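Lettering of chains follows the sequences in order, A, B, ..., and the numbering in each one begins at 1. Any value given below was found using the heavy atoms of this structure, including those in side chains, with hydrogens, waters and symmetry copies removed. These numbers come from a predicted model, not from an experiment.
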Amino acid sequence: MSDHGCIHLNNFKAAKGIQPYKVIHSFFVTSTSNEARVRKAVSCLCHTCKSYKDRLHSCLHCIFFGCYVKGHIQEHAKTKKHFLAVDLCYGNILCFQCGDYVYDRELLVVAKAQWSETAKSLSLGEFYRTWEPSLYEVELLKKNPRRRRVVENSTIGLRGLINLGSTCFMNCIVQALIHTPLLRDYFLADRHHCPQPNRCLVCEVSSLFQEFYSGNKAPLILHKLLHLIWTHARHLAGYEQQDAHEFFIATLDVLHRHCEQYSQVAPLIVKDNPHHCNCIIDQIFTGGLQSDVVCQACNGVSTTIDPFWDISLDLGPTAGSGGPSSGLSKEGGGAPTSLLDCLERFTRAEHLGSSAKIKCNNCQTYQESTKQLTMKQLPIVASFHLKRFEHSSIQDKKISTFISFPEQLDMTPFMSHRRNGNNNSAAPNGLHKNGEDAAFSDNRYSLFAVINHEGSLETGHYTAFIRQQRDQWFKCDDHLITRARLKDVLTSEGYLLFYHKQILEYGRNSKV
Amino acid sequence: MSVTNDKIQELNRCFLEFMMKPENVDSATKEIFEDLLDEVLMGFIFDIHRMTKTGSSDVEEGIPDDESYTIVDLPGLDVFGQHPVKKSQECNCPNCERGVAASRFATHLEKCMGMGRNSSRIASRRIANNSKDLTSYGGVVSDDDDDVDWSLNNDKRKRRKDRNGLKKLKQPRNANQRNGAEALGELAYGVNNDTSPSNYESMSLEDKRTLLQQICGVVSEHTKKLCTRSMRCPQHSDDQRREMRANLEILAGQNNGTVGQEVGTGLHVDVDGFEEADGQGLRESLTRWDREGSCHSSPADSTSTTSTSSVSRKRETKSKGKGKTGKRDRSSPVSQPD
């Protein structure tokens, strides 16, 4: 085993360095620039048979391209005694003296950097690469040869949580977070390093992941977590606090703050959006909500984009919002019956009425206007909060109507470019300025956690359904974990719904 | 560059010409597809080849875990195959480091961190006193009388050999129980040496005597406060006044005046020296005293001890006027099932 190439490659590197490889790789393998792409298109032909395919290789010693299938690169190696060649598809090095492809760590690093450069020059997300252990990780893996695999029908990753006295709201949120696929990958990959592990909630969550995947079957006690959250989110501290949604948002907030605070690397603030940092919480949970206010007099649009962690959806019948119902809302009242209904209503243009005139930036007068919310940027985890608890001056009540929600959800209809297309808005046909091809992006989501509230407003109990391994569902009722069927999940009442994006675009997220 | 540009144009021209014929389009589509497929396959092969060659696949493979973690799907059992019985579990409070029953932890923590309805007062007092030991005691003990969320065996505090401290602390037990409780109560007020009647309990014996020469001083049954009217106040009889003063002198005699002086100054008491057993005994006596509902609190008792261990006991004593029952109610939070 070796990632130090071979003796022949090492001799070559000693004599000529890595520059020849760098040049060939950047032009004819990855094509890191426009010029390189033109060159590759024009000159990547077998110098013997003019074929453009059949596994072209480039000689590392001189300028020669030859195909492997018809043996032209071998021929060149033999006659010229140039025994090293680069495969032009993946950039691997073929050593004819060893008769095999050889891998050199130094060159692999060069290659990796150039692939990223290419992706950037094509304004694509980072190319997907399978994980490879670093030298340090290889050492660790050798020292600890035992492997625990999360196979189907395994309880690894499941753990009951002890109720600490009306803390089911916390238990449910923890179950949902622990079963968020990307968050799990982050923490199990040991990505959080922290100088102050005792005060940091991210560290506590990190150790929770260790506990969940430890194979221990006894229920966990989350006393430290509760203490940390109450310490850092004083507003919800206290025994009486019991709303899972509030707790969820507060937890994200504390995690986000601790990521920033305790991270050794200064957080990268993305220019356009000051609220959007690159901490793991923001990468996973933050989306951008676009609000378009259209002046009814001049049709001038003023657009703002705000970050969001979750979307709270009204369940009550649409009250005639003040003014005369605008022609924009097609359907009148009626309570929504499905998540899609709710989202449709959420992103519908709303007439602000004569009592709420807004000064239009365009015509500088106070005018009636319409307001529309749409999804500018979708988060990787879309969290929906069904507003089942209605607090009004008259009475507080719980809305228990059934709202159906799908296992698979496509968010495309609620995207800014789509919704505004139906409207009289600025950008027609979803054409985007920054070359972002929103039309091609995949916005499909799948359900992975549902939190339910059973009981009345005063006394109730929270339970969670969580998904493990694509399609295995479990019910988490504090310390009790039992198997559940998808049907049970989809027919449950639903209070908080968590959806995970199906297709991830790597390196894309930091870009708003 | 112009050479390459020419070549590109040439390529484009050839391409368009070639694509004019429908049969060419078909074969080109097929060929491109096959090319792409070959390339993708090569990618996989290279990945495997590299992993094998660099040895990382062996390293990753490792030795599989031999334990079985198969999900159990039987009625009455959870996925781990366990009977879902609630065992009483314990955890250590990260705030005060005491052992607490897990099912009551949230209730405890709320008070311990000073966030409940009443606990902010406890907490602020604790902060004011800034004593680590007080965190574990002062705040919480007084707040619920049925002290089940404390597990006594978890107490790690070691016994100090400070004889003096011990002696002082034990005193309330030797005195009659009522006195003991009252004595504990007064301590919180030991801090300020104000000579107003409201601060009566924290005063030194001398100050009390002086004060009682000026006012009636009988403790009201309703407000539990000293009567501040003149010596000839019509509400109380001379007998009552006499009894009250006699009590003060009796107690002064008991304590020999020595400890009494410390009340004003010696706030700092070593709780480390305060044994758990003492605490238990104290608490028992406190509750008993509470139940008896004695309401002629005798402020004279107050000079007897300097134990800080029940700083907030004071609150209970003081609030008794408002109703004993009220206190009892709020001090027994029942853990709800959810």
So, B/K53 side chain and A/Y101 main chain: donor-acceptor pair closer than 3.5 Å or not? yes

Counting heavy-atom pairs closer than 4.5 Å to chain B, which one of A/P133, A/G160, A/S154, A/G215 comes out on top? A/S154

Greatest number of non-hydrogen atom pairs under 4.5 angstrom with chain B, of A/N171, A/L108, A/L158, A/L222, falls to A/L158

Between atom NE2 of B/H49 and atom OH of A/Y90, what is the distance when rounded to the nearest 0.5 Å? 15.0 Å

So which part of B/Q82 gets closer than 4.5 Å to some heavy atom of chain A, the side chain, the backbone, both or neither? side chain

Side chain, backbone, both or neither of B/M42 within contact of chain A (heavy atoms, under 4.5 Å): both

Do you know which of A/M170, A/H223, A/R146 has the most heavy-atom pairs under 4.5 Å to chain B? A/H223

At a heavy-atom separation under 4.5 Å, does B/E61 approach chain A through its side chain, its backbone, both, or neither? both

Could you check which of B/D35, B/I63, B/D47 has the highest count of heavy-atom pairs closer than 4.5 Å to chain A? B/I63

With chain B, the option among A/T231, A/D100, A/D477, A/L480 that has the most non-hydrogen atom pairs under 4.5 Å is A/D100

As an exercise, state the distance from CG of A/L164 to NE2 of B/H108, rounded to the nearest 0.5 Å. 11.5 Å

More than 12 heavy atoms from other groups under 6.0 Å of NZ on A/K53: yes

Report the distance from atom OH of B/Y69 to atom OH of A/Y213, rounding to the nearest 0.5 Å. 13.5 Å

Let me confirm one number: the CD1-SG distance from A/I162 to B/C91, rounded to the nearest 0.5 Å. 9.5 Å

Among A/P145, A/C89, A/S43, A/A41, who wins on heavy-atom pairs under 4.5 Å with chain B? A/P145

Step through the shown structure and confirm whether more than 12 heavy atoms of other residues, nucleotides or ligands are within 6.0 Å of NZ on A/K112. no

Residue pair A/H479 / B/D78, side-chain donor-acceptor N/O under 3.5 Å: no

Between A/L228, A/N153, A/T482, who has the most heavy-atom pairs with chain B when the cutoff is under 4.5 Å? A/N153

Around atom CD of B/E17, are there more than 12 heavy atoms of other residues, nucleotides or ligands at under 6.0 Å? no

For the residue pair A/H227 and B/F105, is the inter-centroid distance of their aromatic rings smaller than 6.0 Å? no

So CG of B/L77 and CZ of A/R483: to nearest 0.5 Å the spacing works out to 13.5 Å

Checking A/R147 side chain against B/E60 main chain: does a donor-acceptor pair fall under 3.5 Å? yes

